[in-house]
S.K.: 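Here it is, the structure, as structure tokens.
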There are 2 protein chains.
Amino acid sequence: MIGSSGTKEVIMQDEIIANILKSANLSVTASRKKILNLFLSTNGALAHADIEQEADEKMDRITIYRTLQAFVQKGIIHIIPTTDNSIRYALCKDECSEGHHHDQHVHFVCSECHTTYCLEQINVPHVKLPSGFTESQTEVIINGLCAKCHA
Amino acid sequence: MIGSSGTKEVIMQDEIIANILKSANLSVTASRKKILNLFLSTNGALAHADIEQEADEKMDRITIYRTLQAFVQKGIIHIIPTTDNSIRYALCKDECSEGHHHDQHVHFVCSECHTTYCLEQINVPHVKLPSGFTESQTEVIINGLCAKCHA
DNA sequence: ACAACTTTGCAACAAAGTTGCAAAACAATG
DNA sequence: CATTGTTTTGCAACTTTGTTGCAAAGTTGT
């Protein structure tokens, strides 16, 4: 659900979503629209479990797995590394495309509420590697307390 | 196994391992020595599966789980974030203690051979956070090709 | 060497993820 | 808008990964 916005906005959003799917060469189905909508209306990251809960109406676990896999492969979302053995996904920025993720922003994971924030504004600092090593992607994960969870 | 070193060195290494365990308040058992030895003789990170393979002699899966948990809790090893839903562990440096991990070095994961290197020499750059956010730990994971896997 | 305590291995269980296949939904035509 | 070909979904069954309780075995300290 898009919240309390009017019908016109809902239709707009719906078309935006459909277009994202089409330009990724994915057919536009109810489950995909629902999951993509969830990502668009969340500014943090989502785990498989979150999606399973939110998309309350009957949607198979397996469909969620496959949808997420498809989205990752097509460059719509990307995986954020975690220490708790749970895969978290977040929307990609424009520079990402099929098979080529260029995600250079910092992720912040709150140790209290476990929300994952994408800090787009902040650039990933460049790190010099030992000789023989080449970088294709750098991920920065910062753990700590977010603004909401401060005492 | 320590390789082809002489008997004296093996005994030395054995004592070092026992001391690490003792100062962490863990009793010295065969499984723990074997797993800790594995970490000491690997300069990268190990996943549960790696340990299960290497420690070929009969050692229960469950013992490995519990040993790793104990090591993490006591500050002997720490978890490295990954994108592939597999928990990887690496030895902690001296600054780590029970319940308090101060691991500030960069990790490099080779996309070819999936070896995880700890780049101790390289400092983690400091990142400025939005107001209200406080950092407790920063992790940097770099993906790319390692020296061995270069064509 | 003995008693108190910790760790191990087994069994059983729970959670997370994958694969094959038939039915349903979608896309693209006329 | 109906039909055909393709893609996606949902189900069942299975694999892999991780957890818990408990008795037997091992470790520690005296």
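No experiment lies behind these values; they were computed from the predicted model shown. Naming convention: chains lettered A, B, ... in sequence-line order (proteins, then strands); numbering from 1 in each chain.
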S.K.: Whole Å only: how far is the CG atom of B/L21 from the C1' atom of D/dG26?
M.R.: 15 Å

S.K.: Taking only the side-chain nitrogens and oxygens of A/S31, find out if one of them lies under 4.0 Å from OP1 or OP2 of D/dT9.
M.R.: yes

S.K.: Is the backbone of B/I79 close enough, under 3.5 Å, to the side chain of B/R88 for a donor and an acceptor to pair up by distance?
M.R.: no

S.K.: From the list D/dC22, C/dC21, D/dG18, which nucleotide is the closest neighbour of the side chain of B/I87?
M.R.: D/dG18

S.K.: Among C/dA16, C/dA27, D/dT9, which nucleotide sits nearest the side chain of A/S27?
M.R.: C/dA27

S.K.: What's the closest nucleotide to the B/T29 side chain, out of C/dT7, D/dT9, C/dG17?
M.R.: C/dT7

S.K.: Indicate whether OP1 or OP2 belonging to C/dG17 is found under 4.0 Å from a side-chain N or O atom of A/R61.
M.R.: no

S.K.: From CZ of B/R88 over to C1' of D/dG18, roughly how many Å is that when rounded to an integer?
M.R.: 17 Å

S.K.: Name the orientation class of the two ring planes belonging to B/H78 and B/H107 (parallel below 30°, tilted from 30 to 60°, perpendicular beyond 60°).
M.R.: tilted

S.K.: Look at the side chain of A/R66 and the base of C/dG17, then say whether one donor and one acceptor between them are separated by less than 3.5 Å.
M.R.: no

S.K.: Nearest whole Å is fine: how far is C/dT6 P from B/I62 CD1?
M.R.: 21 Å

S.K.: Would you name the heavy atoms of B/T83 and A/I87 that are closest together and state the gap between them?
M.R.: O-CD1, 4.4 Å

S.K.: Given C/dG17, is OP1 or OP2 found less than 4.0 Å from the side-chain N or O atoms of B/N85?
M.R.: yes

S.K.: What nucleotide among D/dT19, D/dC11, D/dT9 has an atom nearest to a side-chain atom of A/T67?
M.R.: D/dT9

S.K.: So, do B/Y117 and A/F133 have ring centers that fall under 6.0 Å from each other?
M.R.: yes

S.K.: In whole Å, what is the span from the CG atom of A/D60 to the P atom of C/dC21?
M.R.: 18 Å

S.K.: Think A/T63 has a side-chain N or O under 4.0 angstrom from the OP1 or OP2 of D/dT8?
M.R.: no

S.K.: Check whether any side-chain nitrogen or oxygen of B/Q69 sits under 4.0 Å from OP1 or OP2 of D/dT19, and answer yes or no.
M.R.: yes

